[in-house]
Amino acid sequence: MLLKLKGSFFRLGEWVCEIIRYYPNFSFVRTDLLLGMHYLWRNAHQVSAGVQIYGETPLTTLDKIARRFRILSSDVVYELGSGPGRTVFWLHHFVKCEAVGIELQETFTRRANRVKRWRGLSKVTFVQGDMLAVSLSRASVVYLYGTCFDDEMIHKLIEKFQRLPRSTRIITVSYSLAEYSPAYVVKEKFLARFPWGRSEVYLNQRL
């Protein structure tokens, strides 16, 4: 009961912060409201129920990640497990970078691509598929909010990351890649807020 209450207060506080910080950007407001219309009757948690574990990075936390890890407009950011796509849309509108969402759930991808088309956003891409199978070759930054992945999945992802250029920055939440492979080091980390509590966010780079 206490955890649910804390979660409700967090969501309320996050919503107020988002309105104050990000809704003055009219272009983002139109995108965000169009996206939200798709989840009026069944929210993202309900859409993903029984298919995958759903989690979303709060926009205020994403803002801190972009600033702390110096994500620039020249970057190509791939989010592995992009859900409804809100993170990808925020990166496009506020960082001005090219953003690509990789998502297994077809419903999320279809709806996000519909919003992309309606808004005419050329620097946004959503790909429906397995993150282990989709090419990441264009990525300069990879964002992985895979807090529920087991060790086997993380090792498979690391094997995939090994094929990327050494300059590719990989951002992970709650664990570093260095914990799983000596081929990686933590360049920077900080404590951030998520709906389920505070956790470390890591900037990983291959040696």
Side-chain angles (χ1 to χ4, degrees), residues 14-15 17-40 43-44 47-48 52 54-146 157 160-161 163-173 201 203:
E14 176 66 16
W15 179 76
C17 286
E18 288 176 3
I19 296 296
I20 294 171
R21 293 186 188 184
Y22 310 124
Y23 270 38
N25 183 321
F26 188 57
S27 182
F28 175 71
V29 170
R30 286 186 290 172
T31 301
D32 202 45
L33 291 179
L34 278 173
L35 184 65
M37 284 172 55
H38 288 80
Y39 297 94
L40 287 175
N43 64 35
V47 170
S48 63
Q52 63 193 73
Y54 173 77
E56 190 172 278
T57 303
L59 296 186
T60 55
T61 295
L62 182 63
D63 197 341
K64 290 179 182 177
I65 291 172
R67 294 175 189 274
R68 286 290 296 267
F69 296 159
R70 296 168 291 282
I71 300 176
L72 306 175
S73 59
S74 57
D75 279 312
V76 180
V77 181
Y78 275 58
E79 182 181 18
L80 305 187
S82 55
R86 202 164 183 239
T87 300
V88 172
F89 286 124
W90 186 94
L91 286 166
H92 167 75
H93 283 290
F94 289 94
V95 180
K96 308 296 184 184
C97 63
E98 183 176 351
V100 181
I102 309 299
E103 173 56 45
L104 187 62
Q105 170 66 268
E106 187 272 340
T107 302
F108 286 150
T109 308
R110 173 168 40 83
R111 293 177 178 181
N113 273 319
R114 185 183 299 155
V115 173
K116 171 200 167 170
R117 289 194 303 273
W118 286 350
R119 295 286 291 117
L121 305 177
S122 60
K123 293 178 70 176
V124 169
T125 304
F126 293 96
V127 179
Q128 192 269 321
D130 185 342
M131 65 180 70
L132 291 173
V134 175
S135 173
L136 308 177
S137 60
R138 295 182 58 245
S140 62
V141 178
V142 174
Y143 179 52
L144 175 63
Y145 179 27
L157 282 167
K160 184 178 182 69
F161 296 154
R163 299 193 289 272
L164 298 176
R166 293 181 185 274
S167 59
T168 305
R169 291 167 289 160
I170 302 171
I171 299 168
T172 54
V173 176
V201 182
L203 178 62

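Reckoned from all heavy atoms, side chains included, excluding hydrogens, waters and symmetry mates.
In this structure, the side chains of Leu157 and Leu144 come closer than 4.5 Å at one or more pairs of heavy atoms.
Take Arg67 and apply the salt bridge (Lys or Arg N to Asp or Glu O under 4.0 Å) test, not counting sequence neighbours, and it matches Asp63. In this view, Val134 and Ile102, Val127 satisfy the side chain to side chain contact (heavy atoms under 4.5 Å, CB included) rule, not counting sequence neighbours. Residues satisfying the ring pair (Phe, Tyr, Trp, His ring centres under 6.0 Å) criterion with Phe69, sequence neighbours excluded, are Phe190. Applying the salt bridge (Lys or Arg N to Asp or Glu O under 4.0 Å) criterion to Arg30, with sequence neighbours excluded, gives no partner residue. Not a single side chain to side chain donor-acceptor pair (under 3.5 Å) links Thr107 to another residue, sequence neighbours left out. By the side chain to side chain contact (heavy atoms under 4.5 Å, CB included) test, Pro24 is found to be paired with no residue, residues two or more places apart in sequence or in another chain being considered. A search for side chain to side chain donor-acceptor pair (under 3.5 Å) contacts involving Thr61 returns nothing, not counting sequence neighbours. Tyr78 is linked by a side chain to side chain donor-acceptor pair (under 3.5 Å) to nothing, counting only residues two or more places apart in sequence or in another chain. For Trp15, the ring pair (Phe, Tyr, Trp, His ring centres under 6.0 Å) test picks out no residue, with sequence neighbours left out.
Judged as a salt bridge (charged side-chain N to carboxylate O under 4.0 Å, His left out), the pairs with a partner in residues 110-132 (not counting sequence neighbours) are, in order, Glu106-Arg110. Each ring-ring contact (aromatic ring centres under 6.0 Å, His included) pair with one or both residues in residues 119-138, not counting sequence neighbours, appears once here: Phe89-Phe126. Residue pairs meeting the salt bridge (charged side-chain N to carboxylate O under 4.0 Å, His left out) criterion with at least one partner in residues 72-100, sequence neighbours excluded, are Glu18-Arg86, Asp32-Arg86, Asp75-Arg169, Glu98-Arg138.
No hydrogens or angles considered: a donor-acceptor pair under 3.5 Å links the side chains of Thr57 and Tyr143.
The shortest non-hydrogen separation linking Gly81 to Met131 is N-CE, 3.9 Å.
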